[in-house]
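Working notes, beginning with the structure itself.
In the text below, chain A, chain B and the rest are named by the order of the sequence lines, each starting its count at 1. All values derive from a computational prediction rather than experimental measurement.
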2 protein chains.
Amino acid sequence: MPTKAPVLALKPPRDPATTKARILDAAEALFMEHGFEATSLRSITATAEVNLAAVNYHFGSKEELFEAVLTRRLDPMNQARVELLTRLEAQAGSSPLSCERILMALLIPALKLARDPERGGKDFLRLLGRAYADPAPFIRRFLSEQYAVMIARFKGAFARALPQLPRKELSWRLHFIMGALSYTLAGTDALKLIAELNPHESTNDEILLRRLAPFLLAGLEAPLPDLSAVTRELDGELGRTG
Amino acid sequence: MPTKAPVLALKPPRDPATTKARILDAAEALFMEHGFEATSLRSITATAEVNLAAVNYHFGSKEELFEAVLTRRLDPMNQARVELLTRLEAQAGSSPLSCERILMALLIPALKLARDPERGGKDFLRLLGRAYADPAPFIRRFLSEQYAVMIARFKGAFARALPQLPRKELSWRLHFIMGALSYTLAGTDALKLIAELNPHESTNDEILLRRLAPFLLAGLEAPLPDLSAVTRELDGELGRTG
DNA sequence: GTAGGATTTAAACGAACGTTTGAGCGAAGC
DNA sequence: GCTTCGCTCAAACGTTCGTTTAAATCCTAC
């Protein structure tokens, strides 16, 4: 009895390196659903059916796991964005690329990711949208590092397409674009909207390309702020005590 | 010695009902900075210089405290939005209100709140933007209840201003607007941008009214999605393996 | 001035958290 | 055949969390 009796325990053939992938998949889904802080390592390892210590063994810490979850998809997606932009520029030859095409280079790789359920699909984009709004310093630092190159590349392209738009204004509009995009992708509400408004439409591809793109494109090409009559008129509202 | 000797303890004159307000203020700032989950009641009560049990005594639970923090500012703000919209409609008489004015009715009350530091100011709007992206079910339920009336009111106004825009499309565009707005208000990045791009501009009022508003207005009035040549051309990109 | 309800206080509760430990296991390497 | 190394495992670590308790204190009204 006190000797070893490991006889009855038939163990499922051990996963060699799939443990990391199982953890990443489970973490992606759970981080997406509950956010970073509200997701425990115990729920992740239980979902992944691995030992609790596996996360710290393979990734070091919960924060590093989170970064690994993001990197796995974000890095290829941003790379695809830059590559597509470069390809379109090459196609255009010497003539400047239109805003619409540049915008498409930004949206299409995100869509390709979204419609590929085996590679994370919508779950990941929702997680990404959440991360965009997360206050945790390590998340903000990580994201701005991941995005810096891609954003700079696109800002240059947009600047060439919109030579009359001041750089300052362009920075703001790109910021608004990323805001509307991440909010839409993250949306719990967006999913509800999709269900309500598109009971039979194909996928959410339609929404992004055919609804968000025109909206963003028009915003990008909007006339410069000019302190219109309406603005001046309503400026007084700000002073009231109401 | 074992008897009471409470002599030396000179206590600062007790706050009668300011305890609740101190808690709300501290919670607002800390929830804004760290998010709901990452903020502990202990840090809140320490900041507010009240006893730990005060939160559960006055508010019942951490979740109810969070809702109280939101309600205190959100309720008046949304009410002000509806009131301003109603006032503008009355001014316009029988002629339909312009999109621009409706949009202003949405933005100006948010601005008034933002520039009033004694009433929460920017801290609260950042918190609100965060809450918009928070996955916690009780937060999502609370927000959609708080916003339902106001959003429906504005959707009706926009529908009258844009009679040619299908209702479905309008719903999406309102969603995008709220996304860009909350993202901008919540922005850790936005604050960085403000510092970088506007070293001497007055306040962030300028940003909202003069940069975001034209962007959103153009998006609202954008032409209907029409499967343009560019979209069709690039649709192929979605099928590739690359 | 004393009874009673409202509020504050210090202390503790049990639970859950991220992380660490050390023994155990399986498959190469010499 | 023994060692070594990568990996898994159960158990425990110490901490922190939201919440609760019961006594102490304040304020008001009788």
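Across the interface with DNA chain C, nearest-nucleotide mapping of A/Y57 and B/N51 shows B/N51 to be the residue nearer the 5′ end.
Contact annotation: the side chain of A/M77 never approaches that of A/M150 to less than 4.5 Å [non-hydrogen atoms, C-beta and beyond].
Rounded to an integer number of Å, the gap from B/F59 CZ to D/dT20 C1' is 18 Å. When the P atom of D/dC7 is taken as reference, atom CG of A/L52 falls 18 Å away, rounded to whole Å. Across the protein-nucleic acid pair, B/I44 atom CD1 and D/dT16 atom P stand 17 Å apart, rounded to whole Å. Between B/E64 atom CD and D/dG18 atom C1' there is a gap of 13 Å when expressed in whole angstrom units. Following rounding to the nearest Å, A/E37 (CD) and D/dG18 (P) show an atom-to-atom distance of 11 Å. Across the protein-nucleic acid pair, A/N56 atom CG and C/dT19 atom P stand 5 Å apart, rounded to whole Å. Distance CZ (B/F138) to P (D/dG18): 12 Å, rounded to an integer number of Å. To the nearest angstrom, P of C/dC17 lies 17 Å from CD of A/E63.
Of the candidate nucleotides C/dC17, D/dT19, D/dT8, C/dC17 has the atom lying nearest to any side-chain atom of A/R42. Distance from the side chain of B/T19 is smallest to C/dT8 among C/dT8, D/dT19, C/dG18.
Using a 4.0 Å cut-off between a side-chain N of Lys or Arg and a carboxylate O of Asp or Glu, B/K20 and B/D25 do not qualify as a salt bridge.
Side-chain atoms of A/E64 and A/S61 form a donor-acceptor pair, as typed in the model, at a separation below 3.5 Å.
Looking at heavy-atom distances under 4.0 Å, B/A53 makes contact with a base. Residue contacts for B/S43: at a heavy-atom cut-off of 4.0 Å it reaches no nucleic acid atom on any strand shown.
In this structure, B/H58 does not reach the C/dA6 phosphate: none of its side-chain N or O atoms is under 4.0 Å from OP1 or OP2. Residue A/S40 places at least one side-chain N or O closer than 4.0 Å to OP1 or OP2 of C/dC17.
Considering B/Y132, B/F142, B/F154 as possible partners of B/Y147, the one that fulfils the ring-ring contact (aromatic ring centres under 6.0 Å, His included) test is B/Y132.
Geometrically, A/K62 engages A/F36 in a cation-pi contact, judged by NZ or CZ lying under 6.0 Å from the ring centre and within 45° of the ring axis.
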